[in-house]
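Reading through the structure tokens given below for one structure.
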Amino acid sequence: MMVFPFMLLFAVFFLYPIASGLFYSFHDWNATTSTRFVGLGNYQRILASRDFEKAMWNLGKYIAITVPLGISVAFGLALLVNSFKGFWSNIFRSAFFLPVVLPAFLAATVWRWIYTPNFGLLNMILGWFGMGSINFLNDTGTMLYAAIAVDVWVSAGFNMVIILAGLKNIPKDYYEAARLDGASRLQQVRYITIPMLYPVLFFVTTYGFISALQVFDVPWLLTGSSFASYGGRQGALLFPVMDMMGRGFGSLRFGQAAAYGFILTAIIMLFTAAMFALRRKGYDR
Amino acid sequence: MTAEAITAYSNPARAVALPFSGWALLKWITAACIAIVAVFPIWWMVNVVFAEPGTPVSLNPRLYPTSFSAGISKILMIMQETDYMKAYYVSVAYSLLTIAGVLIIGSMAAFEFALFEFPGKRILFATVMLSLMVPTAVTIIPTYLLTASLGWLNTMQGLVVPGLASAFGLFMLIQFMKTIPRDMIEAARLDGASHFQLYRYIALPLSKNALVTLAILTFMKTWGNFMWPLIVAPSPELYTVGQVVGLFNSPYSHQTVDIVMTANLLAALPPLLFFLIFQRKIVEGIAMSGSKG
Amino acid sequence: MAQLEITNVSKSYGAVNVLKNINLEISSGEFVVFVGPSGCGKSTLLRMISGLEDIGTGQIRLNGQVVNAVDPARRGVAMVFQSYALYPHMTAFENMAFSLMIAKEKKARIKEKVERAANILRLEHLLQRRPGELSGGQKQRVAIGRAIVREPKVFLFDEPLSNLDTELRVQMRAELIQLHDKLKTTMIYVTHDQVEAMTLADKMVVMHGGVIQQCGRPLDLYDDPANKFVAGFIGSPRMNFMDADVARVESDHITLAVTGALKQFDLPFRGFDSSLRKVQVGIRTEYVGLSEDADSAVSLPATVAFVEELGDVTYMHTDLPNGERLVVRSNGGRYRGGKECVAQLDTTGILLFDEAGERIRSAS
Ligand SMILES: Nc1ncnc2c1ncn2[C@@H]1O[C@H](COP(=O)(O)OP(=O)(O)OP(=O)(O)O)[C@@H](O)[C@H]1O
Ligand SMILES: [Mg+2]
């Protein structure tokens, strides 16, 4: 049976970790001393902690902006690329896609330099317009938006490509029929493109939610980038996965970290289920 | 085109011949601006590397490269005086081993799943697909603990092996292999091919496209993987490019911006090259995973 | 001598019986055609012979040996698929050589065998092309070549021509007949096209609903069908069927009253089962005309529904007063308009079926 190697690895490195994670989540464990059963203690501790509250609050704000913004941008880019023909369509697609190719850690570090106070690129440009230097990554008022900008910059091209594929699958006939019916360009987008793209947009949105809920690389690298220091000033860029990793590897409370993972999973599952329920409702109408 | 001509006729106000309509002009400007925003940070990175170090920004805003030799000497300096080369080697090994493993293990399993019936197939498939929904967050810590208890911390196998059972890769390959006609498999069976020969001579060559796409996507993912190497291989011996770049960038680093950007540029090079060569495949692969997911 | 014997073979998928108690003998060198409507189980039977499908119950013997448990590759059969199933990543040569390569034949031997097959099929100049660069007919020939190379005891074809256009189909049909003459190997051929079956077969096996309805030489089946299904399936246009009452039964003839006919008529018949009161009358279109002298034959007033004019023949599709359809054939005549007509049945062409559709034959 040639499925065996896959299933073995899958069982050992996926199923077993989940099971053992569940076990750890009910225990107090720091990876060296023996475990102690604490029931739901880990879960209670997390839910009551200030960091959790802060991380969830940040996450809420972050998602509320990133997901709609990211998808609108991606959709706009896809329409834009699609409106060009041949050579230029390819050129713009490649250009818009380029940031996706960069590993997230690189995108974050490059942007970090762009955000640098005084001689960073962005502040330099602002300087041309006579504005004072802003410490984007250390000012609690701008940190979150700075991270969102990087995120959109990184992910828009990815979603664009998916949406573009969806656009290409819409038969030309519909547009021609609509044009004969006298629909304007905007009306064509509204009454043909968006409804026909519904499944693709649904996928992109759901996937966007799921990955936004797990945001890690970018804020980690925009802030301290170590288990000793992360999340930035006043935890303005503290997100749940960072908090979880910090509890595990920073303070070696692996039981709590495992419990954190399950809380996050529950949230993600809830979101996904909600999305699917919404979609069903959308179909009924 | 025809329809546009008709509009032009029926609407005399627009019949004035413009080389560009307002719409098109706007479109071009928007596209160009966005393209600049998308590409400029990378371009800027190149310029910082290929510029004389120490020139103040006010004199050289780094909108274009100014000194080729300075860039080369920075690259040489990084390669010779830091452990960057070693990190490069680790990252390449990590990526190649992962690609090889994912492709071999995944294609074998996909072959069985896509083309044959076996007891428990449905439940196994459902489990694997469900795992696509499970966030990394929930498995990363227990997987780390397991890897640690296997004694695999700071080893190559610790980096590679836990990531080999890629549910995404399996799904993609299954989708592809499902399109191999049943007749073709049966013809080969009548031709005397054994189970393994079916895999080797029919399924594998026919899935070449999907395998290449998966290899590229796996490369992109592994090269850019930051979190897993960070926790499972924290020793300098096994630093990946990502970790080294992270160190160079950290607020406590003593490197100057030139050196940091050189490190960044070198880290970006393989994926950028891949992109230039395999653009079509990458884009198709992502589009496919989107439309099938 | 029977080369292939199929005894009491049945097959079901879950609760569905796809093949019911099939018995068939095929002699060495015969060209056998399985024919029947879609879904009747032809492919399933063929695939059971090939070994690609498990044999449910019953036995299949090849050259006297039971092959139920023999691996498909070792049965000595080769199959040509409807989709050709050529390996797209291999050239025509490699496609044909594949089975030999698997069997670890020597390079030179492989080359020789493939070239011989290519010669028979006039494929020499195409050997280095991949399937994507071949036309439909060429692909089909490569697929046949792949079968020939294996020197099988039995060739199996599953609707090999159905992806080709009409003209090519006729041409490939002729080539297959020549190939069979040349190789003299047993061939089993599946099709749902009765014309194809009639032209190719030494022996035709008509299937319906998982049951063999009748088997024999094509013209025997045409002239002497065993039941209403076979009678209706073979021949184009379809045989006409009409209800009739049995008015009288004598020792050497019976008197029938066809529903809608102007008068009763006598039909020579021996040993009629006098308990039967109703029968079905089957009559091919060539025995139905529009003659004016109404005395000798049986006349049926009918209304013309539509007319197919093919030049040499004209088929008039008419409706009888009870709503049944009757197709009238007229050789060389032209339709001159008009709705009402009187159809004439030549009673020598009449076949009788009981109400279950089984043929009622006269005792000779
Ligand atoms: N794997 C299967 N599972 C369930 N039912 C099947 C399977 N294969 C075939 N059947 C059923 O068996 C019956 C016979 O199928 P078969 O393929 O032999 O038909 P056929 O005579 O070749 O028809 P066609 O002319 O359309 O090819 C059909 O009703 C089909 O639905
Ligand atoms: Mg069939």
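Below, chains carry the letters A, B, ... as their sequence lines are ordered, and counting in each starts from 1.
- Without hydrogens or angle criteria, B:Gln279 side chain to A:Ser94 main chain gives no donor-acceptor distance under 3.5 Å.
- Contacts between B:Ser149 and chain A at a heavy-atom distance below 4.5 Å are absent for every atom of the residue.
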Give the intermediate values and the outcome of side-chain contact (heavy atoms from CB on, under 4.5 Å) for residues A:Thr109 and B:Val260. CA-CA 9 Å; A:Thr109 51; B:Val260 173; 5.8 Å; no

Apply the test side-chain contact (heavy atoms from CB on, under 4.5 Å) to residues B:Thr136 and A:Phe216: give CA-CA distance (whole Å), side-chain angles for both, the deciding distance (0.1 Å), then the verdict. CA-CA 11 Å; B:Thr136 343; A:Phe216 175 79; over 6 Å; no

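- Between B:Trp28 and A:Trp88, a ring centre-to-centre spacing shorter than 6.0 Å is recorded.
- Residue contact with chain B, scored on non-hydrogen atoms closer than 4.5 Å, involves the side chain of A:Tyr16 exclusively.
- Residue contact with chain B, scored on non-hydrogen atoms closer than 4.5 Å, involves the side chain of A:Tyr24 exclusively.
- When the candidates B:Asn225, B:Leu276, B:Leu170 are compared by the number of heavy-atom contacts under 4.5 Å with chain A, B:Leu170 comes out ahead.
- At a 4.5 Å heavy-atom cutoff, the contact between A:Phe10 and chain B is made by backbone and side-chain atoms alike.
- Under the 3.5 Å distance criterion, the side-chain polar atoms of B:Glu112 are left unmatched by any main-chain donor or acceptor of A:Val3.
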What's the verdict on side-chain contact (heavy atoms from CB on, under 4.5 Å) for A:Leu98 and B:Leu272, showing C-alpha distance, side-chain angles and the deciding distance? CA-CA 8 Å; A:Leu98 200 61; B:Leu272 283 178; 3.8 Å; yes

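- Only the side chain of A:Ile268 comes within less than 4.5 Å of a heavy atom in chain B; its backbone stays farther off.
- In this structure, chain B has heavy atoms under 4.5 Å from both the backbone and the side chain of A:Val101.
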Would you check, one step at a time, whether the test side-chain contact (heavy atoms from CB on, under 4.5 Å) holds for A:Val110 with B:Ile42? CA-CA 8 Å; A:Val110 172; B:Ile42 298 162; over 6 Å; no

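- There is no contact between A:Leu164 and chain B, counting heavy-atom distances below 4.5 Å.
- For A:Leu180, no part sits under 4.5 Å from any heavy atom of chain B, backbone or side chain.
- Interface remark: of the candidates A:Leu8, A:Leu106, A:Asn90, A:Leu106 forms the most heavy-atom pairs closer than 4.5 Å to chain B.
- A:Phe262 touches chain B through backbone and side chain together, each having a heavy atom under 4.5 Å away.
- Across B:Tyr144, B:Phe113, B:Phe111, B:Phe118, the residue that shares the most heavy-atom pairs under 4.5 angstrom with chain A is B:Tyr144.
- One finds the CZ atom of A:Phe13 at 5.5 Å from the CG atom of B:Leu150 (value rounded to the nearest 0.5 Å).
- B:Trp223 contributes no side-chain N or O that, together with a main-chain N or O of A:Leu102, makes up a donor-acceptor pair within less than 3.5 Å.
- Counted within 6.0 Å of CG on B:Leu130, heavy atoms from surrounding residues, nucleotides or ligands total more than 12; the atom is thus considered enclosed.
- Here B:Val37 is the residue among B:Leu164, B:Val37, B:Thr147 with the most heavy-atom pairs under 4.5 Å with chain A.
- Atom CD1 in B:Ile140 sits 6.5 Å away from atom CZ in A:Phe249 (nearest 0.5 Å).
- Contact of A:Val73 with chain B is not made at all, since no heavy-atom distance falls under 4.5 Å.
- Annotation: maximal heavy-atom pairing with chain A below 4.5 Å, among B:Leu124, B:Ile105, B:Val39, occurs at B:Ile105.
- Residues B:Thr127 and A:Leu15 form a side-chain contact, since some pair of their non-hydrogen atoms from C-beta on lies under 4.5 Å apart.
- Among the candidates B:Pro142, B:Gly163, B:Ala148, B:Pro234, the residue making the largest number of heavy-atom pairs closer than 4.5 Å to chain A is B:Pro142.
- Of the listed residues B:Met45, B:Met227, B:His195, B:Met261, the one with more heavy-atom pairs under 4.5 angstrom with chain A than any other is B:Met227.
- If you measure heavy-atom distances from A:Ser83 to chain B, the contacts under 4.5 Å come from both the backbone and the side chain.
- Contact annotation for B:Tyr199: only side-chain heavy atoms (C-beta onward) come within less than 4.5 Å of a heavy atom of chain A.
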